[in-house]
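Worksheet for the structure shown next.
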Amino acid sequence: MSDAQQRRRQQIAWRAAQDFFEGAYVNLGVGIPTEAVRHVPAGREVIFHSENGILGVAGIAPDNAINRNLVNASQQFITVQIGAAYFDCCESFAMLRGRHVDIAFLGGYEISEAGDLASWDRRKVGVPPAVGGAMDIAIGARAIWVGMEHCTADGRPRLVREVSLPLTGARVVSRVYTDLAVIDVGPQGGTVREIHPGITMRHLREVTQWRLAEATDLRSMPQRDACAAGAQA
Amino acid sequence: MSDAQQRRRQQIAWRAAQDFFEGAYVNLGVGIPTEAVRHVPAGREVIFHSENGILGVAGIAPDNAINRNLVNASQQFITVQIGAAYFDCCESFAMLRGRHVDIAFLGGYEISEAGDLASWDRRKVGVPPAVGGAMDIAIGARAIWVGMEHCTADGRPRLVREVSLPLTGARVVSRVYTDLAVIDVGPQGGTVREIHPGITMRHLREVTQWRLAEATDLRSMPQRDACAAGAQA
Amino acid sequence: MINKFVSRAVDALADVVDGAVILVTGFGDPGMPFRLVEALVELGPRNLTIVSNNAGRALEGIAMLLRRGQVKKMICAYPRRTGSFVFEECYARGEVELELVPQGTLCERIRAAKAGIAGFYTPTAVDTVLAAGKEVREIDGQRCLLEYPLHADFALVRAHLADRWGNLVYQAAQRNFGPVMAGAARRTIAEVDAMVELGGLDPEAIVTPGIYVDQVVTL
Amino acid sequence: MINKFVSRAVDALADVVDGAVILVTGFGDPGMPFRLVEALVELGPRNLTIVSNNAGRALEGIAMLLRRGQVKKMICAYPRRTGSFVFEECYARGEVELELVPQGTLCERIRAAKAGIAGFYTPTAVDTVLAAGKEVREIDGQRCLLEYPLHADFALVRAHLADRWGNLVYQAAQRNFGPVMAGAARRTIAEVDAMVELGGLDPEAIVTPGIYVDQVVTL
């Protein structure tokens with residue numbers, strides 16, 4: 001992965017993390033979303049849920065503090081916050097299916113204008129499909145936010161009219177964070193809440209198959225690097 | 001309750017307790033069965049389940065050792081064995097419905113020859129019905145044993161052709177312990193395994209509406225008072 | 001900073017409206033949130049549906065709600081017990097409706113509400129009067145009843161200790177319906193003996209994770 | 001005296017026959033009962049159906065069972081992970097059947113087997129390819145799938161400590177499928193780091209009560 005791509009992905013994770021509210025219970029998907037745990041604004045308490053049976057994930061474990069029985073859903077060794085709790089998978093999915101988790105911030109391959117999510121099976125020949133908890137999370141969390149690069153590596157839109165890959169959940173996504181924009185999903189198509197300072201709405205429409213409207217309070221998307229620089233100044 | 005009735009009831013509880021095998025998980029119903037916890041032969045480990053969420057009930061708490069949060073299903077203050085575990089009601093009934101409890105030793109009003117049990121509603125006017133866990137236990141425990149006085153206070157049989165009171169469970173009882181006999185329930189009617197030394201099969205048949213066969217190894221029912229006397233001698 | 005503690009029970013319950021459905025923990029006295037139920041008596045909402053294993057004893061807890069005429073319907077497994085004279089009187093006079101549910105089915109229906117399960121099949125109560133009106137289905141040779149989740153507006157839960165995230169532990173048989181009802185209603189309020197610092201409860205031994213608990217009142 | 005400890009894993013598993021259905025705990029490596037699975041490799045029963053969240057990694061655990069051709073079918077949520085090349089090869093060659101089940105539904109089906117629930121309705125996977133062939137029912141405005149219990153012959157469970165009654169506690173995320181699978185099969189065998197005296201586990205903190213555990217092997 002190039003440095004530029006790494007930065008784009010951290011920006012997406014960072015931007016979403018700014019919207020995790022105080023006291024929110026948040027489940028993080030594999031990939032970009034897993035990074036969000038590092039970007040919660042200082043002083044804000046957010047409780048991260050890991051579907052293997054943890055509330056209170058703190059972050060990736062440093063090499064000298066690895067507990068081999070403590071991994072997140074991405075199988076990374078982690079540490080937990082003070083106040084954490086362990087439970088079994090059945091309880092963990094009761095929390096999801098029962099709509100107790102406020103936000104699931106997930107990765108994805110494609111999202112339709114209606115909010116249909118395809119995130120689990122790229123139908124590559126010879127590669128066995130693996131769904132994990134994706135479908136339970138998609139229908140269970142109170143809000144499904146997806147963090148993804150706006151386009152595929154070869155430049156095709158991921159926000160498509162109809163998903164072509166197998167569905168994770170129908171009409172479940174409420175918000176999308178990409179490197180180019182923050183877009184709310186609604187009955188009339190997407191509402192662009194924030195746009196990258198370097199691009200125009202016209203460009204955004206070219207790389208998005210949805211109908212897109214500008215939010216009345218459309219603003220330029222805050223940039224992590226700028227904030228980090230500001231914080232250091 | 002007269003001393004004689006008290007003795008009859010303790011005899012029933014004692015007799016059943018002799019049949020709780022080493023390592024058995026046993027749920028005890030309200031009334032006569034609750035007494036059985038006191039009568040397990042010395043040196044035999046039996047683990048008593050209480051449906052409010054306990055495995056390892058030891059017995060009634062002495063007045064100087066009452067924990068107000070520790071009651072059995074009959075709301076009596078109890079103590080627990082070393083090795084006990086607490087859990088919630090949902091888990092407790094998973095143990096029952098899921099056929100993990102070896103024996104439920106219950107009280108009852110009437111039992112049909114087919115093993116239908118009526119044990120929860122006497123249909124007294126103005127008295128609200130109360131079922132508790134009786135129906136879950138009746139269909140859930142691997143073996144349902146009932147302990148009851150052979151006849152009602154006014155001398156009518158409790159082992160009847162068809163139950164007249166509301167059913168707890170259909171075809172669930174496998175064995176009955178009364179003050180007069182130990183009877184197994186089977187497709188051809190009851191098989192008398194033990195009979196009180198003071199009565200005849202003819203008398204037993206007069207106070208029982210079931211077809212009754214004698215077990216090939218029919219024996220005289222051991223008596224608690226005699227055993228206790230023997231132990232003291 | 002997350003802090004689920006509220007100082008007064010009446011504040012936690014201030015928006016219980018007439019007609020609310022309320023889950024109340026307890027199997028006999030252990031696990032009964034007496035302080036929260038007293039607050040309901042004080043606040044006075046009416047036409048309540050109370051879901052609890054029993055229906056109160058003496059003039060305490062649910063019995064007092066019944067005496068004050070605040071309860072339209074009881075959903076219980078075992079409404080009758082020594083000292084349940086208030087319920088028995090209300091029932092005999094037809095002042096309170098009773099939905100009798102086997103305890104295991106009651107637990108499972110409440111869990112279904114908590115866990116997002118839309119219905120389940122159970123062999124309990126097949127062929128009994130409590131199967132009346134219920135859909136029957138034979139599965140794998142066994143006749144079963146279809147049961148639905150029991151949704152509620154509030155869950156009142158008695159526990160032993162809590163931290164500011166709402167993590168709970170219980171004491172012995174006090175646990176009973178706590179881990180089942182917590183999270184099964186739109187809002188869950190716990191009543192505990194004492195609060196502990198965050199980190200004061202062992203993560204391995206927390207019984208009800210705070211995600212299921214909205215507010216906590218200490219005695 | 002009750003004593004569920006057995007000295008050798010191969011003794012505990014000696015009567016696993018060809019065609020057995022076996023639940024295996026673990027989410028990634030934590031909670032995976034490697035010693036028990038190795039004993040299965042040693043004993044060599046074939047045509048097994050293995051129910052587990054993943055499908056093994058490297059040449060360890062379930063991967064070795066697959067490599068030896070002992071597995072007819074995997075029932076998993078996430079068979080693919082870094083290092084799952086053995087499963088991927090077997091799958092690509094058509095040597096192993098895969099039933100893919102969403103993790104929450106997988107847990108709940110196993111719990112149903114343990115808890116005597118004959119079926120349940122869940123909104124998970126509605127309108128997806130994993131709903132194929134499943135009965136759909138609309139309940140309370142929500143379309144749901146009917147799912148059935150996943151019964152098994154053996155459950156192999158990894159835990160941290162056990163006493164001679166089979167009471168278990170876990171360590172952190174090792175817990176995952178343990179409390180769900182223990183008791184969901186006709187026989188449950190636990191593998192633990194160490195045994196403790198009866199009474200050495202806090203009754204308030206026991207996670208899997210011994211009633212669900214038939215035999216225990218220590219490392």
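Chain letters run A, B, ... following the sequence lines, proteins first and then strands; every chain starts at 1.
Between T82(D) and Q75(A) the shortest side-chain heavy-atom distance does not fall below 4.5 Å. Counting only heavy atoms from C-beta outward, the side chains of L130(D) and P166(A) never approach each other to under 4.5 Å. Proximity of P30(D) to F77(A): side-chain heavy atoms (C-beta onward) are nowhere separated by under 4.5 Å. Within the 4.5 Å cutoff, the side chain of L96(A) has no heavy atoms near those of the Q103(D) side chain.
The distance from the OH atom of Y86(A) to the CD atom of Q171(D) is 9.0 Å, given to the nearest 0.5 Å. The distance from the CG atom of L106(D) to the SG atom of C90(A) is 9.5 Å, given to the nearest 0.5 Å. The OH atom of Y170(D) sits 12.0 Å away from atom CG of N69(A), with the distance rounded to the nearest 0.5 Å. The distance from the CZ atom of R97(A) to the SG atom of C107(D) is 8.0 Å, given to the nearest 0.5 Å.
Using a 4.5 Å cut-off between heavy atoms, F87(D) touches chain A through its side chain atoms alone. Of the two parts of D116(A), neither the backbone nor the side chain holds a non-hydrogen atom closer than 4.5 Å to a non-hydrogen atom of chain D. For a residue to count as touching a neighbouring chain, one of its non-hydrogen atoms must lie under 4.5 Å from one of that chain's; by this rule V126(D) does not touch chain A. Looking at R68(A), only its backbone comes within 4.5 Å of chain D, counting heavy atoms on both sides. Neither the backbone nor the side chain of N53(D) comes within contact range of chain A; no heavy atoms are under 4.5 Å apart. With a threshold of 4.5 angstrom between heavy atoms, R81(D) approaches chain A through side-chain atoms but not through N, CA, C or O. Using a 4.5 Å cut-off between heavy atoms, E91(A) does not touch chain D at all. For T105(D), the parts lying under 4.5 angstrom from a heavy atom of chain A are both the backbone and the side chain. For chain D, the nearby part of F93(A) is the side chain; its heavy atoms alone come within less than 4.5 Å. Residue A85(A) does not touch chain D at all, counting heavy-atom pairs closer than 4.5 Å. With a 4.5 Å cut-off on non-hydrogen atoms, S92(A) does not touch chain D at all. Proximity to chain A (any heavy atom under 4.5 Å) is shown, for F27(D), by both the backbone and the side chain.
Ranked by heavy-atom pairs under 4.5 Å with chain D, the list V131(A), T168(A), L70(A), L167(A) is led by V131(A). Of all the listed residues (G178(D), A172(D), P179(D), A92(D)), the one sharing the greatest number of non-hydrogen pairs under 4.5 Å with chain A is A172(D).
In terms of heavy atoms, A130(A) sits closest to R80(D) at N-NH1, 3.8 Å. Nearest heavy-atom pair across M135(A) and A125(D) is SD-CB, 3.6 Å. The two residues Y78(D) and G132(A) come nearest to each other via the heavy atoms CD1-N, 3.4 Å. When all heavy atoms of I54(A) and A173(D) are compared, the closest pair comes out as CD1-CB, 4.0 Å. When every heavy atom of P129(A) is checked against every heavy atom of Y91(D), the shortest pair comes out as CD-OH, 3.5 Å. When all heavy atoms of P102(D) and D136(A) are compared, the pair lying nearest together is CB-OD2, 3.5 Å.
Remark: of the listed residues T128(D), D127(D), T124(D), T124(D) is the sole one forming a side chain to side chain contact (heavy atoms under 4.5 Å, CB included) with I139(A).
Remark: R156(A) CZ is loosely packed, at most 12 non-hydrogen atoms of other residues, nucleotides or ligands lying under 6.0 Å away. Annotation for I66(A): atom CD1 counts as buried by contact number, over 12 foreign heavy atoms lying within 6.0 Å. Residue-environment remark: CZ (R171(A)) stays at or below the threshold of 12 foreign heavy atoms within 6.0 Å.
For R175(D) (side chain) and G53(A) (main-chain N/O), no donor-acceptor pair under 3.5 Å exists by modelled atom type.
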